[in-house]
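Below is one structure; the comments refer to it alone.
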Amino acid sequence: MSAPIIELRQVHKWFARFHVLRAIDLSVKAGERIVICGPSGSGKSTLIRCINRLETHQKGTIIVDGIELTERTRDIEAVRRKVGMVFQQFNLFPHLTALQNCTLAPIWVQGLPKRAAEEAAMRYLERVRIPEQAHKYPGQLSGGQQQRVAIARALCLNPKIMLFDEPTSALDPEMIKEVLDVIVELAESGMTMLCVTHEMGFARRVADRVIFMDEGEIVEAAPPERFFGAPENERTRQFLSQVLAH
Amino acid sequence: MTRGHAPNGPPPLPRGPIAWARRHLFNTWYNAILTLGALYLIALGLKAAIGWIIVDAVWLGGSEACHAAKGEGACWALIAEKHRFILFGTYPYEEQWRPALAVALFVAAVGLSTWRRLWSRALVVGWFVLFAALALLLHGGVFGLTPVSTELWGGLPLTILLSVIGIGLSLPLAVLLALGRRSSMPLIRAISVGYIELVRGVPLISILFMASVMFPLFLPEGVTINKLLRAQVGIILFSAAYLAEVVRGGLQAIPSGQYEAADALGLGYWRKMRLVILPQALRLVIPPMVNSFIATFKDTSLVIIIGLYDLLGAVRTATNDPLWRAFTTEGYIFVAAIFFVFCSFMSRYSRRLEQGAGERRPQ
Amino acid sequence: MVERPPGGAWVWLGSRGARAIVYQTLVIAALGALGYYLVANTLDNLASRNIATGFGFLDREAGFPIAEHAVAYSPASSYGRAYLVGILNTLQVAAIGIGLATVLGTLVGIARLSSNWLIARLASSYIGVLRNIPLILQLFFWYGLVLALPGPRDALEAVGGHVYLSNRGFAFALPGFDSVHAWALILVGLGIVAAIGFGIFVRWRQARSGRRLPVFWPAVAFTIGPAAILFAASGAPLDWQRPALTGFNIVGGGRLSPEFFALVFGLTTYTAAYIAEVVRAGILAVPRGQSEAALALGLGRGRMLRFVILPQALRLIVPPATNQYLNLTKNSSLAVGIGYQELVSIGNTTINQTGQAIEGIAMIMAVYLTISLTISALMNLYNRRIALKVR
């Protein structure tokens, strides 16, 4: 492993007067799996949304796979093609079928033939175990199924990096597992991923590094054994005692 | 949470008018072009408008002064000369303090009613009493007031009267129609749907024509009702259909749990509606009801078509005077300004209600 | 149920079904009685005024002129014919008004959402002013402005005498007919077919190879290219029939009357203010997550709008916009105030001349109801087709 695939140096961001990200330094190696946790409002979603520039940072540098994120639209779109994103609220396009959701970007962004795009999409839908739902509309699917379609949609662009923004927070408890299983499988295949989540069991199982954020700062970053076993920071300990209490 | 900026962190955004303009007017090249183009057009428009409305306008004097300045500036002398007629129509000149007082009382009452604290049953009763009093004030014949026949009523008081009574009296009918439309009895539902869709499908003018030419045919020989009352009935029947749909929206928004809870308490249909459902539903639809009121307020100006002299009718009559005929535009602008003030006040108020809905609950 | 005295009849009356029957019977009886009373009175009144009921009057000679008619009409034509002219005039105003109001309303609605503060402010002032002044007043105002224009002798002239604006309306040049025009039109028709064929080819090629060709400009070229070449090659025979001042009036070319001009202008600007709000609300109602997801997939702004935002916004915009179209159609009846002769105006004249109030108003209402119900039915069909599928 050589140069990091994602590199953030001294990244700052403000929402109006509110300082959401403070001097973030983070570098991610290809194939690394990172779980980010922290109390709500700590800036963890904002952090990963900066990586594909759904949010703009105001200070510092972000480099993704050799491309620095600036105002240049061309660069931004190039980065977005390499980075897949899965949202908390799925954000599937309700007027398109599951299959069409998956083929839209390959056809229009990558210029794939429709047939090829559909075949690839079917492969990914099989991988998330819902090929039989391909011709249904998002409104006809359960939350867990929708989130799996959303994962397939992101994978269809063959991304090098996957971002997960609390992928299971909007799901009913019985559906969390089916989605996590898919993500675990993806992790095991060697995909670089950053996942914001409160699922600590998942973090223990797949993460190479767990990052704890609070008030816009990275408070602690450590491999799961050390993170859960012997957290260094008081704030981390407090947070863990709250999440792991039940 | 606030710890100030990070050391040597920049202030998030530069402040000051130049930074503001950069962000909001010149943030992209096409926005810069749009801004400059719009500024140019605004400057042209303002220059022409200020010249016509203020600098070259004739403020006082007779129509000769206006004719002398024809084309250059507005003739506000028309308003100076005719404003009493425009505002109060053919109401006897010496008695015009009465409609003036009525309008003042109305505006005061509206002002009071916008105050949420005062919303209560008493306020509704108060409005009925107020309107009876205002009608009495205009009509005269008691307390030593000279009687003034309704044929002579006109101008702003007429506009207000027609629209407020129109909405006030159409509400009960609208509630019945809305309940009917949601009724489980097929005939009742069919009648309500038929009425609502029929009225909403045709223009108000056709209803007003109906009121003016067909009502007289409906009544037994020898019984006549005056034109004002006919127009009023037409407006009530018309706005009831629209208001019924508004009320229906409120009824649909009440969660079914409320109906079930009322049923579980053993309340009959009418009690359930009166005590549980309607109070909530009507409260919910106050903002759209204000919008209906604005629509009715604007619509009343159509009575001019059947020969009543509301604000618009009065200004048309005023500028029919051969001396002033060239200056109808000024008259229209004056009346438009009055309508604009009333309507935009109400629409702003309804928007505020919408935004603040459910905000001020007792803690 | 609260206590009731026991007994067969009471129990029966207390049941829900029975009560429903009783209520409905009572309402019908009351309505029937009211109807009977009104009809009886009306018949009495008609008899005493010697007015015959029925639609026989439609065949009689109308005797009044109609300035603008899409089908042949003269005062010697029948009332029925006059009604037909009125209906056509109403439909014409409505169709033109709807088209223009849609374009203007969409522009203003998008301007209202602009990131440019000044543009957004201008759009919202436009909406505020137009919505808060009665339409009839606006029509009077515009009509007054048109009438205040200089007379035909001093008409405002533009485009080198091709366009005249005066208090007699808006006169414009029309190209005189030439056989080349017909051929050019045929070529445009063929061009459209070719453009559609090209679109299908591009799609087919994309599905096979993934390579995409531009569609829009080639389609434009296909549509107007051959016709333009033919037109230019044959020496661009236009032979403008220009309006010209003859005596006291401007004749020749095409002409829009001041009434028509003011009516369409007023209806368009007024309705556009409402459509703008509909468009704005529709676009705003598409959740932000949708555009974020599209951007995250690397779709640019243009494709995001085309494939994700617009299809969803349209679903929300079309039903309320149709409502505004219906309002515009109904509002066209205000033409009676400025003397453009459409359905209501002609109906009113007919009623005044014949005294056939009931028939006259019934016909007006029937036409509007037909239009309203047809459009609502089409709308329901459309809504059912585009409704998002949910469980």
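A quick note: this is a predicted structure, and the numbers were derived from the prediction, not measured. In what follows, chains are A, B, ... by sequence order, proteins preceding strands, each numbered from 1.
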On a heavy-atom basis, which atom in [X] and which in [Y] lie closest, and how many Å separate them?
{"X": "B:Ser206", "Y": "C:Ile361", "result": "O-CG2, 4.3 Å"}
{"X": "C:Ile136", "Y": "B:Ser301", "result": "CG2-OG, 3.3 Å"}
{"X": "B:Ala38", "Y": "C:Ile119", "result": "CB-CD1, 4.1 Å"}
{"X": "B:Ile207", "Y": "C:Met365", "result": "CD1-CE, 4.2 Å"}

Report task. Check the pair C:Leu31 / B:Ile191 against side-chain contact (heavy atoms from CB on, under 4.5 Å), numbers first and verdict last. Result -> CA-CA 10 Å; C:Leu31 284 180; B:Ile191 292 168; 3.6 Å; yes
To the closest 0.5 Å, what do you measure between [atom1] ([X]) and [atom2] ([Y])?
{"X": "B:Ile304", "Y": "C:Leu137", "atom1": "CD1", "atom2": "CG", "result": "9.0 Å"}
{"X": "B:Glu197", "Y": "C:Ser372", "atom1": "CD", "atom2": "OG", "result": "9.0 Å"}
{"X": "C:Asn132", "Y": "B:Met346", "atom1": "CG", "atom2": "CE", "result": "8.0 Å"}
{"X": "C:Tyr23", "Y": "B:Tyr269", "atom1": "OH", "atom2": "OH", "result": "9.0 Å"}
{"X": "B:Leu302", "Y": "C:Ser333", "atom1": "CG", "atom2": "OG", "result": "7.5 Å"}

Sort out for me which of [options] touches chain B most, counting heavy-atom pairs under 4.5 Å.
{"options": "C:Ile375, C:Ile364, C:Ile358, C:Ile371", "value": "C:Ile358"}
{"options": "C:Leu135, C:Leu334, C:Thr370", "value": "C:Leu334"}
{"options": "C:Asn348, C:Leu326, C:Asn331, C:Asn327", "value": "C:Asn348"}
{"options": "C:Leu43, C:Val344, C:Thr42", "value": "C:Thr42"}

Is it the case that more than 12 heavy atoms not belonging to [X] sit under 6.0 Å from its [atom1] atom?
{"X": "B:Arg200", "atom1": "CZ", "answer": "yes"}
{"X": "C:Tyr143", "atom1": "OH", "answer": "yes"}
{"X": "B:Arg182", "atom1": "CZ", "answer": "yes"}

Would you say [X] and [Y] make side-chain contact, with heavy atoms under 4.5 Å?
{"X": "C:Val27", "Y": "B:Leu187", "answer": "no"}
{"X": "C:Val129", "Y": "B:Phe340", "answer": "yes"}
{"X": "B:Ile42", "Y": "C:Leu118", "answer": "yes"}
{"X": "C:Phe141", "Y": "B:Thr329", "answer": "yes"}

Measure distances from [X] to the heavy atoms of chain B and classify the residue's part below 4.5 Å as side chain, backbone, both or neither.
{"X": "C:Leu369", "answer": "both"}
{"X": "C:Leu38", "answer": "both"}
{"X": "C:Ile28", "answer": "side chain"}

Report task. Start with the C-alpha gap between B:Asn31 and C:Ser114, add the side-chain angles, then the distance that decides, and say whether side-chain contact (heavy atoms from CB on, under 4.5 Å) holds. Result -> CA-CA 9 Å; B:Asn31 266 340; C:Ser114 166; 4.2 Å; yes
Report task. Classify the ring geometry between B:Tyr332 and C:Phe140 as parallel (under 30°), tilted (30 to 60°) or perpendicular (over 60°). Result -> parallel
Query raised in the report: Are the side chain of C:Lys330 and the backbone N or O of B:Ile205 linked by a donor-acceptor pair below 3.5 Å?
Result: no
Chain C heavy atoms under 4.5 Å from [X]: which part of the residue, side chain, backbone, both or neither?
{"X": "B:Ile188", "result": "both"}
{"X": "B:Val341", "result": "neither"}
{"X": "B:Arg348", "result": "neither"}
{"X": "B:Thr35", "result": "both"}

Report summary line: Note: vs chain C, highest number of non-hydrogen pairs under 4.5 angstrom among B:Pro203, B:Pro186, B:Cys343 is B:Pro203
